[in-house]
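Step one of this worksheet: look at the structure below.
For ligands, and for the atoms within them, numbers begin at 1 and follow the listed sequence. The model shown is predicted, which means the values in this text are computed figures rather than measured ones.
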Amino acid sequence: MRKKIIAGNWKMNKTVAESAQLATDLVAAVKGQPYAEAVDIVVCPTFLALDRVSGIIKGSPIKLGAQDAHWENQGAFTGKISVDMLKAAGVTYVILGHSEPRTLFGETDANVNKKTLKVLAEGLIPIVCVGETLAEREGNITEKVVSTQVKAAYQGVSAQDAAKTVIAYEPVWAIGTGRTASDEQAQAVHKFIRGLLSELYGSSVAEAVRIQYGGSMKAENASGLLKQPDVDGGLIGGASLKVDSFLGIIKAA
Ligand code: 13P
């Protein structure tokens with residue numbers, strides 16, 4: 001049985017003070033709740049708020065995630081944050097290859113691969129995001145797109161490391177649009193990804209990797225999606241910014 005993982009990607013939202021408030025409210029809400037132990041809960045604030053939120057969630061069941069990382073330890077890389085720095089701030093998970101950096105900031109498959117290798121080498125867990133655009137879905141190339149992204153991200157990743165990773169399937173057309181993939185659409189792609197992992201690494205690795213769904217997941221549609229055999233959690237944007245809506249998804253999981 002794979003433990004479900006519900007992660008809130010706060011994206012470029014909330015000041016440090018607002019992030020601290022949300023983290024404080026979440027810690028209070030899940031305190032002593034058995035469901036909070038049954039699910040892995042992750043929050044991914046902005047880099048600026050990581051340190052503060054880390055202190056707040058310490059000792060709670062909530063884990064810390066970052067929204068990106070660079071593949072070098074330090075140096076002349078203006079604007080970037082290293083995995084070392086994230087680790088020192090108490091980060092466990094790192095979101096990589098999200099469609100927003102891919103489509104808006106020129107993130108490439110090759111860079112996602114370097115970052116994935118670095119995050120794993122430092123003992124953190126990458127959440128590797130993949131997903132097709134609407135045009136790609138309508139052009140019937142969803143599997144081709146997702147397969148290219150997965151294969152590129154995992155180049156050089158050992159089976160032992162691959163088993164620890166998380167993949168987030170986020171159809172680009174469902175992100176922030178209110179348009180969720182149907183339970184069946186999500187399951188079909190998740191099953192495809194697991195099959196691909198099986199081809200690459202064998203079935204025991206494929207069975208170990210957790211595959212999250214992301215794209216307009218909310219408390220109202222979460223249980224249908226999370227009931228699918230290959231949907232092992234959610235990567236949540238908008239609905240993770242408020243305690244009630246995020247909690248609703250955690251409870252559904
Ligand atoms: P929304 O939940 O706002 O659609 O965002 C999904 C997402 O991109 C999470 O990484």
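Below 30°, between 30° and 60°, or above 60°: for Y154 and Y201 the angle between ring planes is above 60°, a perpendicular geometry.
Closest to atom 2 (O) of ligand 1 among all protein heavy atoms lies G237 N, 2.9 Å.
Other residues, nucleotides and ligands place no more than 12 heavy atoms under 6.0 Å from the NZ atom of K58. No more than 12 heavy-atom neighbours from other residues, nucleotides or ligands sit within 6.0 angstrom of NZ on K63.
Comment: D68 engages K115 in a salt bridge, judged by a side-chain N to carboxylate O separation of less than 4.0 angstrom. Under a 4.0 Å N-O distance rule, the pair D232/K3 does not qualify as a salt bridge. Checked for salt-bridge contact, D161 and K164 meet the test: a charged N lies under 4.0 Å from a carboxylate O. Using a cut-off of 4.0 Å between Lys/Arg side-chain N and Asp/Glu carboxylate O, R194 and D230 are scored as salt-bridged.
Within the set E100, Q67, K11, R179, the minimum heavy-atom distance to atom 5 (O) of ligand 1 is found for K11.
In this structure, K114 is positioned above the aromatic face of W71, its NZ or CZ under 6.0 Å from the six-membered ring centre and within 45° of the axis.
Here A174 has backbone heavy atoms under 4.0 Å from ligand 1, and that is the only part of it that gets that close. Contacts of I175 with ligand 1, taken as heavy-atom pairs under 4.0 Å, involve both backbone and side chain.
Heavy-atom distances between K218 and ligand 1 stay at or above 4.0 Å for every pair. At least one heavy atom of G176 sits less than 4.0 Å from an atom of ligand 1.
Distances between N or O atoms of S216 and those of ligand 1 include at least one value under 3.5 Å. Taking only nitrogen or oxygen atoms, main chain and side chain alike, G238 reaches within less than 3.5 Å of ligand 1.
The ligand atoms of ligand 1 that sit less than 4.0 angstrom from a heavy atom of E170 are 6 (C), 7 (C), 8 (O), 9 (C), 10 (O). Near G215, with a cut-off below 4.0 Å to any heavy atom, the atoms of ligand 1 are 4 (O), 6 (C). The distance from ligand 1 to the heavy atoms of N9 drops below 4.0 Å at these ligand atoms: 9 (C), 10 (O).
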